[in-house]
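Everything below concerns the one structure shown next.
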Amino acid sequence: MARITAGVATSHVPAIGAALDLGKTRQDYWAPVFRGYERSKRWIAQNMPDVVFLIYNDHASAFSLDIIPTFALGCAAEFAPADEGWGPRPVPTVEGEPELAWHIAESVIQSDFDLTIINRMDVDHGLTVPLSLLFGQPLAWPCRVIPFAVNVVQYPPPSGNRCYQLGKAIRAAIESFDADLNVQIWGTGGMSHQLHGPRAGHINEAFDRRFLALLVTNPQALARISHTDYIREAGSEGIELVMWLIMRGALDEHVNEIYRFYHVPASSTAVGHIILENAERR
Ligand code: DHB
Ligand code: FE
């Protein structure tokens, strides 16, 4: 059976991708950010998954205000890097895992979570920057990736609790897939940031550090945070953190924290990153 071995959460700031693509990782501004992922790169090289189920949000690249799926599951065989205005990032095409993705579609939709099935989609910085942070700059990504896009751009986004419960359904789906696959689940976005309006640049380190701690020990408490509290505390784009709750819902209640990193700022954003391994033996 396929099994979920670990969860990874990380911010997905587009400027991080640009810094990497333009060879700026050693500059004073960027070096501390990339240093924060060195340990993670070693960890994943030793714990290489077959498949990453990667939860992210599309930033009006594949979708627009014409069509806004709340939860969109990528079932295609491949996903090209999106052109976000400066040409596509110079990163490999993402190889999907259609058989597992369709199994997840069937299982999760029949478990009462209505997903949008996506057969063609370009993937933007929300997905490619986390891959770059963990895998660096390979000629091909070292594992297959199932993209899962969540609407946190156009009100109303899904609730944190809905996301947390969805994570449990995704876990049940993956663990009922009859193939010997090591699957990791990644949640991206966050932490506190606001990109526009009078509070542009808003960062709340106390909120972020509390979120990281509770993600490990008491995710149920995080699942009760309302949209307005995310906006008030973590800024308008802080709502991206609900995607971390899908990841956490797909893990054991008890997890081993492998690594945690927090850094302010990268662009307008507080960068947060955590690696959790399932702790319960089955
Ligand atoms: C920034 C952060 C994001 O999460 C994003 O999607 C776009 C921009 C930023 O900090 O610049
Ligand atoms: Fe974002």
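We count ligands from 1, going down the list as the structure has it; atoms in each ligand are counted the same way. Because only heavy atoms are used, hydrogens play no part in the values below, and waters and symmetry mates are left out as well, while side chains stay in.
Using a 4.0 Å cut-off between heavy atoms, Leu195 contacts ligand 1 through its side chain alone, with no backbone atom that close. At a 4.0 Å heavy-atom cut-off, ligand 1 touches Pro14 through the side chain alone. Counting heavy atoms under 4.0 Å from ligand 1, residue Glu237 does not touch it at all.
Counting protein heavy atoms only, atom 4 (O) of ligand 1 is closest to His193 NE2, 2.9 Å. For atom 2 (C) of ligand 1, the nearest protein heavy atom (residue, atom name, distance) is Thr269 OG1, 3.3 Å. Looking at atom 6 (O) of ligand 1, its nearest protein heavy atom turns out to be His59 NE2, 2.6 Å.
The contact set between ligand 1 and His12, taken as ligand atoms under 4.0 Å from a residue heavy atom, comprises 4 (O), 6 (O). Of all atoms in ligand 1, numbered sequentially from 1 with element shown, those under 4.0 Å from a heavy atom of His125 are 5 (C), 6 (O), 7 (C). Atoms of ligand 1 found under 4.0 Å from any heavy atom of Glu240 (numbered from 1 in listed order, with element): 4 (O), 6 (O). Near Ser267, meaning under 4.0 Å from any of its heavy atoms, are these atoms of ligand 1: 9 (C), 10 (O), 11 (O).
Taking backbone and side-chain atoms together, Glu240 has an N/O/S atom less than 2.8 Å away from the Fe ion (ligand 2). Checking His59 against the Fe ion (ligand 2), an N/O/S atom falls under the 2.8 Å cut-off. Contact annotation: His193 places no N, O or S atom under 2.8 Å from the Fe ion (ligand 2).
Note: Phe207 and Tyr230 have perpendicular aromatic rings, judged against thresholds of 30 and 60 degrees for the angle between ring planes. Ring-plane geometry between Tyr37 and Phe261 is classed as perpendicular, the angle between the planes exceeding 60 degrees on a 0 to 90 degree scale with a lower cut at 30. Between His12 and His59, the ring planes lie perpendicular to each other; the angle is over 60°, past the 30° to 60° tilted range.
Between Asp180 and Arg3 a salt bridge is recorded (basic side-chain N to carboxylate O distance below 4.0 Å). Ion pairing between a basic and an acidic side chain is recognised when a charged N comes within 4.0 Å of a carboxylate O; Asp229 and Arg224 show no such pairing.
Using a 4.0 Å heavy-atom cutoff, Gly189 is absent from the residues neighbouring ligand 1.
Linking Ile, Leu, Val, Met, Phe, Trp and Tyr whenever their side-chain heavy atoms come within less than 4.5 Å leaves Phe63 and Met243 in two separate clusters.
Under 3.5 Å, the side chains of Ser192 and Asn204 contain no donor-acceptor pair of N or O atoms. A donor-acceptor contact closer than 3.5 angstrom is absent between the side chains of Ser267 and Thr269.
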Would Trp102 and Leu100 count as a side-chain contact (heavy atoms from CB on, under 4.5 Å) if you check the C-alpha gap in whole Å, the side-chain angles of each, and the deciding distance to 0.1 Å? CA-CA 5 Å; Trp102 278 103; Leu100 175 56; over 6 Å; no

